[in-house]
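Quick notes on the structure that follows.
Every chain is numbered from 1, with letters handed out A, B, ... down the list of sequences. All figures in this text were calculated on a predicted structure; none of them were measured in a lab.
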2 protein chains.
Amino acid sequence: MTFDQIQSFYMVATLGTYRQAAERLNATQPTISARIVALENYLRTSLFNRSGHRVVLTPQGRLFLSYAEKFLELQASVLKMTRGQDELTGIIRIGASDTMAISWLPGFFSILRKRYPNAVFELHVGPSYRLREDLISREIDLAFMIGPIAHADIASLPLCVCPMVIVAAPELGLHGRLLTKDDLGEIDFFTFERLTRPYQELSPYLKVNANSSIRLNPVNSLQTIVMLVEMGLGAGAVPQVVIEQQLKNGSLIKLDTGFELPELKFSVSYPMSPDMGVAEMVRDLSMSYLKDMPKQDSIKIIY
Amino acid sequence: MTFDQIQSFYMVATLGTYRQAAERLNATQPTISARIVALENYLRTSLFNRSGHRVVLTPQGRLFLSYAEKFLELQASVLKMTRGQDELTGIIRIGASDTMAISWLPGFFSILRKRYPNAVFELHVGPSYRLREDLISREIDLAFMIGPIAHADIASLPLCVCPMVIVAAPELGLHGRLLTKDDLGEIDFFTFERLTRPYQELSPYLKVNANSSIRLNPVNSLQTIVMLVEMGLGAGAVPQVVIEQQLKNGSLIKLDTGFELPELKFSVSYPMSPDMGVAEMVRDLSMSYLKDMPKQDSIKIIY
DNA sequence: CAAGTTTGATAAATATTTTTTATTAATTTA
DNA sequence: TAAATTAATAAAAAATATTTATCAAACTTG
């Protein structure tokens, strides 16, 4: 079975004669004839009744016509997708850390889709150490993650810096005063999972600046951390940008611990490969998107 | 664009190399190479990144893969519709674990041959970990094995559960009483080979529940295990279903160890491919065969 | 109703394309 | 660094498709 055969069959079925179909397809009548015969042999069934002066579809022919239409539609849409003049086509797999995914990524995503309507964007959310592996093994094309990362053929560009804050539900009554080391020892802390850079930076930091008996509970979902803290189960060390809403409506309040947590530095990273600069195109759009965002404390853009 | 090209692309994308795809499609490597080039020219985009030693899909390639699957599915369903309704022809390669091969498979096999007289069925018996590899490399079409297995394009459906028993020849005089830990330490045990799931599940289980000095001898043939145990060389930990006969005629007797071994869970697994549903046809017949079997303790059917 | 017209089928020659064989270059593995 | 494995390539061979020329059958029409 070939697409020529399917197309010829379709034309004969719609135009009614072999000759017309031949003309339409820039072929001769015997060519069409041969194609239909070949198709019938392949399907082991006859598609037209040629006993009369003009061709009439058989029941099997009518059934196959619906398939033929599907084949040709599929073929047309393949061409549209892959040959589309637009610069970016195909499936682009974008990785993002939790923080990025929760904060500015949704807005960027809609811009991205508008800008490159012929591409499909697949989102991979995960911790930065996993995104790094996925970049190296080429399982994603680009990642917005904590960085920059050092690797032979991974390019990294700094994007933005997000300050961390320590927050709690107002019910706990921990706000409005400078917390003592003993205060801190009483509280449960929730933050990123153990393998992540925030955990590894924060853990010694908290232990130095607070009581040594501090309880730091790693949770591998930022969404979950925010929920746990909102429910009053303890304090959370999270990037301010993901809890702007909660700070505004008062369901979470910043605590004054007397020290500052190190900021999270985000980058856009991608494998350096000689393909058409897919990653570069997404990167550039993300950088201009970030630049155009209203200035705010919780995300500082790096130029 | 031709169906040969689409199929070749699909095979390269799933198998990972041109050579393997060529083998699978009974063609030479340059043929596959030419087809892919032709397809890329037609689509005006590159589908694979061949800069390295192995081929990797480009974003466009990933997108086209989803179209290729649709094309092949459509083609398969056209053939199903116009050609023989549910006929199975050619050589179908069926994998089976030892336990399956010894117990219900022979009965099923005769049903299968009667139902599809125009097909040839090739039986591949082996441990489940090897069947898994063979499914992934498409060296078998379907397997009855311990599972379900987790893999991107392998489908797994639970089939049945088989309890394990510990048996010995009556001559050893170990039956009819609760064995002590010291008793168990005296006995040689025979069971599946080291790499298999039964061995890995059983080994710590026996060590916990019995004397730590237990001697567990792995043998890679279930048939052989049964023979060794029948000859009185030790006890065997085997699925009950394979020794029903021996239990009935008294050549083997269950031992009372005071604990139960974990059951073996069997599945039917097959590569999800857009072909004519060969695997699905065999799967469905096997499931209905198992359902119609007389109820027994040694095989519990999962619906 | 017979002549003219149109239809699709067929055979042989021709043109095109696909596949194979043999070889190469590049990359990975031991 | 040697051996093995990968895909690309060129030229020859094989297979396939198309055209030209012709035919028989079936409609049209005067």
Side-chain angles (χ1 to χ4, degrees), chain A residues 1-58 60-61 64-65 136-138 151-153 271-275, chain B residues 1-58 60-61 64-65 133 136-139:
Chain A
M1 183 162 63
T2 71
F3 284 98
D4 279 349
Q5 289 165 10
I6 295 171
Q7 197 180 30
S8 302
F9 165 81
Y10 176 79
M11 275 302 166
V12 174
T14 23
L15 297 177
T17 77
Y18 279 43
R19 183 149 260 121
Q20 278 179 277
E23 243 170 70
R24 201 85 162 50
L25 298 173
N26 300 317
T28 60
Q29 173 266 314
T31 298
I32 303 298
S33 209
R35 285 177 185 168
I36 301 297
V37 167
L39 188 56
E40 287 179 329
N41 287 339
Y42 175 77
L43 298 172
R44 310 244 180 91
T45 186
S46 81
L47 297 168
F48 294 112
N49 186 340
R50 296 94 139 170
S51 64
H53 188 225
R54 66 164 173 275
V55 288
V56 181
L57 282 168
T58 60
Q60 295 92 325
F64 184 70
L65 181 56
I136 293 168
S137 65
R138 302 294 192 274
H151 188 89
D153 38 35
M272 288 187 273
S273 65
D275 64 6
Chain B
M1 183 165 63
T2 70
F3 284 97
D4 278 350
Q5 288 166 12
I6 296 171
Q7 196 181 30
S8 301
F9 165 80
Y10 175 80
M11 274 302 164
V12 173
T14 41
L15 296 178
T17 76
Y18 280 42
R19 189 164 289 283
Q20 279 179 276
E23 237 171 74
R24 197 82 178 65
L25 297 174
N26 300 316
T28 60
Q29 174 265 315
T31 299
I32 303 297
S33 210
R35 286 178 185 167
I36 301 295
V37 167
L39 188 57
E40 287 179 330
N41 288 340
Y42 175 77
L43 297 172
R44 308 240 181 92
T45 186
S46 81
L47 298 169
F48 293 111
N49 187 341
R50 298 90 142 176
S51 62
H53 190 226
R54 63 165 176 274
V55 288
V56 180
L57 283 168
T58 61
Q60 291 86 350
F64 183 71
L65 182 56
E133 288 166 13
I136 291 168
S137 64
R138 304 294 194 271
E139 266 160 74

**OP:** Write down the distance between CZ (A/Phe48) and C1' (C/dT7), rounded to a whole number of angstrom.
**Re:** 14 Å

**OP:** Would you kindly give the CG-to-P distance between A/Asn41 and C/dT10, to the nearest whole Å?
**Re:** 11 Å

Original post:
Got a sec? Which of residues 3-16 of chain B come in under 4.0 Å of DNA chain D, heavy atoms?
Top reply: none

**OP:** For the helix from C/dC1-D/dG30 to C/dA30-D/dT1, measure the angle between the helix axis at one end and the axis at the other, each built from five pairs, rounding to 10°.
**Re:** 30°

**OP:** Mind checking side-chain contact (heavy atoms from CB on, under 4.5 Å) for B/Glu139 and listing every partner two or more places apart, or none if nothing turns up?
**Re:** B/Asp134, B/Ser137

Original post:
Expressed in angstrom and rounded to an integer, what is the separation of B/Ile36 atom CD1 from D/dA8 atom P?
Top reply: 9 Å

Original post:
In whole Å, what is the span from the CG atom of B/Asn49 to the P atom of D/dT6?
Top reply: 18 Å

**OP:** Check each of A/Val37, A/Ile36, A/Asn41, A/Thr58 against A/Ser46 using the side-chain contact (heavy atoms from CB on, under 4.5 Å) test, and report the only one that passes.
**Re:** A/Thr58

Subject >> Distance-minimising heavy-atom pair for B/Met1 and B/Gln5 >> reply: CA-OE1, 3.3 Å

**OP:** Please work out if A/Arg35 contacts a base, only the sugar-phosphate, or nothing of the nucleic acid, heavy-atom cut-off 4.0 Å.
**Re:** sugar-phosphate

Original post:
Of all of residues 20-34 of chain A, which get a heavy atom below 4.0 angstrom from DNA chain C, listed by number?
Top reply: A/Gln29, A/Pro30, A/Ser33

**OP:** Find the distance B/Tyr18:OH to D/dT9:P and express it as a whole number of Å.
**Re:** 10 Å

**OP:** To the nearest Å, give me how far apart CZ (B/Arg19) and C1' (C/dT21) are.
**Re:** 13 Å

Subject >> B/Phe3: partners by ring pair (Phe, Tyr, Trp, His ring centres under 6.0 Å), with sequence neighbours left out >> reply: A/Phe3, A/Phe71

Original post:
Rounded to the nearest Å, what distance is computed from the OH atom of residue A/Tyr42 to the C1' atom of nucleotide D/dA17?
Top reply: 18 Å

**OP:** Rounded to the nearest 0.5 Å, what's the gap from CG on B/Leu25 to CD1 on B/Ile32? Could you check?
**Re:** 5.0 Å

Original post:
C/dT18 P sits how many Å from B/Met1 CE, rounded?
Top reply: 14 Å

Subject >> Set of side chain to side chain donor-acceptor pair (under 3.5 Å) partners for A/Thr45, sequence neighbours left out >> reply: A/Gln60

**OP:** Nearest 0.5 Å please: distance from the CZ atom of B/Arg138 over to the CD atom of B/Glu23.
**Re:** 14.5 Å

Original post:
Is any side-chain heavy atom of A/Phe48 less than 4.5 Å from a side-chain heavy atom of A/Leu57?
Top reply: yes

Distance-only criterion, 3.5 Å: show the donor-acceptor pairs between side-chain atoms of residues 8-19 of chain A and protein atoms not counting sequence neighbours.
from, atom 1, to, atom 2, distance (Å)
A/Ser8, OG, A/Asp4, O, 2.7
A/Ser8, OG, A/Arg35, NH1, 3.0
A/Thr14, OG1, A/Tyr10, O, 2.5
A/Thr14, OG1, A/Met11, O, 3.3
A/Thr17, OG1, A/Gln20, N, 3.1
A/Thr17, OG1, A/Gln20, OE1, 3.3
A/Tyr18, OH, A/Arg50, NE, 3.2
A/Tyr18, OH, A/Arg50, NH2, 3.2

Original post:
Can you name the residues that form a side chain to side chain donor-acceptor pair (under 3.5 Å) with A/Thr28, not counting sequence neighbours?
Top reply: A/Thr31

